[in-house]
4 protein chains.
Amino acid sequence: MTEPNRPTRGIQRGPRSIQVIESVRAATLAELSRTGFAGLTIDAVAKAAGVSRPTIYRRWPSKAALLQAVVEPLLETYDADPDTGSVTGDLLALMMLIRENVARPEGHAMITAATTGATELRDLVRTANARTLAAFHRALQNAVERGELSPASDVPVIAHVLFQAVVMWEPAHGNPPSDPDLSRILTAVLTPTA
Amino acid sequence: MTEPNRPTRGIQRGPRSIQVIESVRAATLAELSRTGFAGLTIDAVAKAAGVSRPTIYRRWPSKAALLQAVVEPLLETYDADPDTGSVTGDLLALMMLIRENVARPEGHAMITAATTGATELRDLVRTANARTLAAFHRALQNAVERGELSPASDVPVIAHVLFQAVVMWEPAHGNPPSDPDLSRILTAVLTPTA
Amino acid sequence: MTEPNRPTRGIQRGPRSIQVIESVRAATLAELSRTGFAGLTIDAVAKAAGVSRPTIYRRWPSKAALLQAVVEPLLETYDADPDTGSVTGDLLALMMLIRENVARPEGHAMITAATTGATELRDLVRTANARTLAAFHRALQNAVERGELSPASDVPVIAHVLFQAVVMWEPAHGNPPSDPDLSRILTAVLTPTA
Amino acid sequence: MTEPNRPTRGIQRGPRSIQVIESVRAATLAELSRTGFAGLTIDAVAKAAGVSRPTIYRRWPSKAALLQAVVEPLLETYDADPDTGSVTGDLLALMMLIRENVARPEGHAMITAATTGATELRDLVRTANARTLAAFHRALQNAVERGELSPASDVPVIAHVLFQAVVMWEPAHGNPPSDPDLSRILTAVLTPTA
DNA sequence: TTATAATCGAGACGGTACGTCACGTCTTAGT
DNA sequence: ACTAAGACGTGACGTACCGTCTCGATTATAA
């Protein structure tokens with residue numbers, strides 16, 4: 001006996017299924033920007049997607065799965081390195097990328113998810129964090145190898161500091177960081193203060 | 001003329017009321033550590049406090065109010081400046097204080113609240129942020145005046161960067177920052193990297 | 001120790017108490033006409049009377065008591081017999097009196113109370129019914145003795161029939177009985193139909 | 001074009017739904033006989049029916065709807081005319097029918113509802129009244145046409161008087177009318193008294 | 001005149017029920 | 001067969017009154 005109650009035992013691949021997947025994705029984004037992650041309800045997504053609630057549950061068994069589906073394209077933006085020629089250029093480019101992503105509803109949702117500590121979100125958060133930090137790591141590592149940064153530089157910590165400073169700017173200040181704000185962060189971290 | 005015949009006014013101060021307030025506070029803390037802010041239900045707090053739900057709503061009309069009541073003592077810890085004699089000492093002391101507070105359930109709840117973007121929490125988050133940052137501001141400002149830091153130092157940004165780096169360490173890494181971790185953050189920000 | 005918890009052990013007679021009693025009565029009437037007996041809340045009466053809820057409970061321990069206090073004057077109107085000289089005159093007068101009383105909020109409340117079957121209202125309803133029917137009894141008995149009605153007349157049943165026909169006219173028809181309506185009732189009951 | 005792609009519309013008719021409807025009906029009757037209409041709580045009905053509260057609200061959005069569902073079978077008993085051959089026979093049969101219906105909890109509830117004047121009950125009360133009176137109208141009208149009653153008889157008023165006399169007997173007397181009581185009412189109304 | 005007892009208001013309490021919302025699952029019906 | 005519509009149990013929401021109690025303050029009666 002093999003899970004007799006499982007509603008969908010094989011996954012459909014027909015055009016109808018594709019259509020469902022796309023409209024749910026779009027509806028999820030719309031709802032995220034309307035109410036935020038905490039206020040996201042499957043009911044609303046289903047209605048906005050013109051789809052029934054059970055249909056959503058069949059493919060995305062949790063809100064985490066729904067979020068993951070929608071956040072994936074954002075994470076992919078961190079896989080291509082900027083390569084502007086200078087550390088500051090590379091890092092600034094990454095910081096601007098983060099700013100843009102955080103401004104999108106699914107990006108904001110990720111940050112919310114990061115702090116709620118819900119178990120089902122743990123893996124997603126870990127992955128997303130690692131993937132973003134990796135871009136910083138690579139940029140910093142390159143700079144060290146090019147001699148732009150001291151070999152003693154604490155790459156992981158600098159990456160963490162820059163990343164969180166940008167991500168949390170808007171929650172703390174009420175508006176996203178301007179270009180000068182990003183430069184100030186970079187300067188504060190990279191230049192001698194003592 | 002202010003209603004001269006009004007027999008009493010203001011809130012109750014009898015021992016019973018005090019008892020209610022205290023047990024709700026305790027129960028809120030217990031629930032926060034059990035389920036986190038997102039999973040906090042008034043029902044559970046009421047039951048844990050041995051109090052009826054309407055009683056809670058009478059005094060704390062929203063979850064935000066409940067959180068505020070429980071977070072206040074934490075915020076007060078930032079009002080006393082460390083004064084260890086050196087910038088690094090002062091800042092490290094503040095960072096350790098933050099680490100301790102974030103480790104407490106109500107501190108963690110505040111961070112969650114900061115990113116959910118719920119309207120009713122906005123004021124609370126603003127206040128808490130400002131109060132914490134102010135402590136960093138004072139420490140940095142003192143250092144500038146003592147000549148420990150360059151007068152060109154970007155005090156607000158440095159404060160922001162240090163604060164968020166400590167606060168977000170645990171969500172990003174899965175465990176709180178150790179003493180060396182805090183030192184590394186401080187070093188990364190305050191010492192020349194270029 | 002003599003009932004230490006009884007709130008009111010003796011009765012005050014000062015002008016303040018009188019004032020309280022009167023304003024509660026008035027407020028009860030106002031609320032009855034606003035919401036009817038079923039929707040009557042002590043809260044609303046207290047607020048309308050400018051009095052605290054416990055104050056009401058001190059004097060009128062139940063809604064029934066409140067209703068009784070307010071209905072008493074109505075019942076007294078049935079104690080004086082009309083004595084117009086003819087059965088039809090007397091009966092019509094009584095029926096008009098009932099119509100008037102039923103139109104008042106407290107009269108309407110009594111009828112509501114009669115059918116709810118609440119235990120606490122039982123006595124009040126019994127008394128009110130008896131007192132009203134007694135007036136019909138006396139009028140009919142007089143008529144029998146004067147020879148206006150056959151000695152075989154079933155006085156109690158006729159009284160009941162006339163009383164209920166008037167009382168229930170408005171609930172059944174949506175508007176109170178006009179003078180001709182009352183005459184038609186009287187005619188239908190007193191004149192041969194067969 | 002009426003939404004051609006709509007797979008289903010209208011309510012469910014499966015055995016489970018039927019089962020739910022039936023047990024709620026039964027539970028409503030049980031609760032009505034336990035506490036009367038005024039004391040009827042949805043909570044209690046739900047519990048007695050082994051059904052959740054939202055389920056009840058889904059199908060019966062108000063207490064009035066619940067009452068209507070349960071009272072309908074009673075009203076249908078008035079649609080079949082007695083036809084005993086004589087006015088007195090027909091009317092007595094109707095009066096006995098009313099007595100039986102009033103004795104049932106849902107019948108009693110209807111009478112309570114008739115006098116509370118709640119807006120949501122207004123329509124239900126009107127309908128029920130009309131349907132019961134119609135049976136009397138038909139019986140009386142037949143009698144007039146057969147010559148048993150004078151053509152001058154005030155059919156609507158006689159119907160009203162008889163109906164209310166039976167219905168209100170129990171609230172006024174504390175026990176239902178016996179067979180002789182019904183005869184006395186009929187005699188008092190149909191025979192000359194003057 | 002002053003105690004002392006009665007009463008008052010305001011406010012709060014534990015309860016019970018309300019009517020609603022969203023959840024995640026299961027049933028029924030249509031295509 | 002798969003799906004959509006619909007219904008279901010569950011659990012929480014925030015609110016309304018209930019009837020009671022405590023607390024000071026205010027009156028009224030009696031010493």
Side-chain angles (χ1 to χ4, degrees), chain A residues 5 7-10 12 14 16-17 20 39-44 46 50-58 61-63, chain B residues 3 5-17 19-21 39-44 46 50-59 61-63, chain C residues 5-17 19-20 39-46 50-59 61-63, chain D residues 4-21 39-44 46 50-59 61-63:
Chain A
N5 276 341
T8 300
R9 276 175 297 265
Q12 297 287 92
R16 173 162 172 182
S17 298
V20 164
L40 185 71
T41 73
I42 303 287
D43 256 334
V51 144
S52 76
R53 212 148 18 107
T55 299
I56 295 187
Y57 281 108
R58 263 187 286 276
S62 67
K63 276 209 266 189
Chain B
E3 308 203 23
N5 276 343
R6 189 89 168 293
T8 55
R9 96 209 56 169
I11 60 177
Q12 297 289 92
R13 297 245 158 270
R16 173 157 183 181
S17 297
Q19 168 64 22
V20 163
I21 293 177
L40 188 69
T41 72
I42 303 286
D43 257 337
V51 144
S52 73
R53 204 153 18 110
T55 293
I56 295 190
Y57 281 108
R58 259 187 288 273
R59 291 183 186 273
S62 67
K63 278 209 261 187
Chain C
N5 276 342
R6 181 82 176 297
T8 300
R9 276 176 297 265
I11 300 175
Q12 298 281 84
R13 297 240 159 270
R16 174 164 171 180
S17 297
Q19 167 64 22
V20 164
L40 186 70
T41 73
I42 304 286
D43 255 336
V45 172
V51 143
S52 74
R53 207 144 28 96
T55 298
I56 294 189
Y57 280 109
R58 251 171 241 131
R59 291 180 188 277
S62 67
K63 278 211 264 188
Chain D
N5 275 344
R6 186 89 168 293
T8 54
R9 96 213 53 171
I11 61 175
Q12 300 286 89
R13 298 241 155 273
R16 174 158 180 176
S17 297
I18 301 281
Q19 167 65 20
V20 163
I21 293 177
L40 188 70
T41 73
I42 303 287
D43 257 338
V51 144
S52 72
R53 205 151 20 110
T55 294
I56 294 189
Y57 281 110
R58 245 170 247 132
R59 291 183 187 273
S62 67
K63 278 210 262 187

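Below, read A as the first sequence line, B as the second, and so on, with proteins coming before strands; counting in each chain starts at 1.
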Partners meeting side chain to side chain contact (heavy atoms under 4.5 Å, CB included) with Arg16(D) (sequence neighbours left out):
none
Please name all residues satisfying side chain to side chain contact (heavy atoms under 4.5 Å, CB included) with Ala46(C), sequence neighbours left out, ordered by chain then number.
Ile56(C)
For nucleotides 10-13 of chain F, print each protein N/O atom paired with a nucleotide N/O atom at under 3.5 Å, atom names and distance only.
| unit_1 | atom_1 | unit_2 | atom_2 | d |
| --- | --- | --- | --- | --- |
| dC13(F) | OP1 | Ile42(B) | N | 2.8 |
| dC13(F) | OP2 | Ile42(B) | N | 3.3 |
| dC13(F) | OP2 | Asp43(B) | N | 2.9 |

Taking atom CZ of Arg53(B) and atom CG of Asp43(B), what is their separation to the nearest 0.5 Å?
4.5 Å
Which part of the nucleic acid does Gly50(B) contact within heavy-atom distance under 4.0 Å: base, sugar-phosphate only, or nothing?
sugar-phosphate
d([atom1], [X]; [atom2], [N]) in whole Å:
X	N	atom1	atom2	result
Ile56(D)	dA17(E)	CD1	P	13 Å
Arg59(B)	dG14(E)	CZ	P	10 Å
Ile18(D)	dC8(F)	CD1	P	11 Å

So, using salt bridge (charged side-chain N to carboxylate O under 4.0 Å, His left out) as the criterion, who are the partners of Arg58(B) when residues are at least two apart?
none
Sequence-distant partners of Arg59(D), salt bridge (charged side-chain N to carboxylate O under 4.0 Å, His left out), two or more places apart
none
With Ser52(A) via side chain to side chain donor-acceptor pair (under 3.5 Å) - residues at least two apart:
Thr55(A)
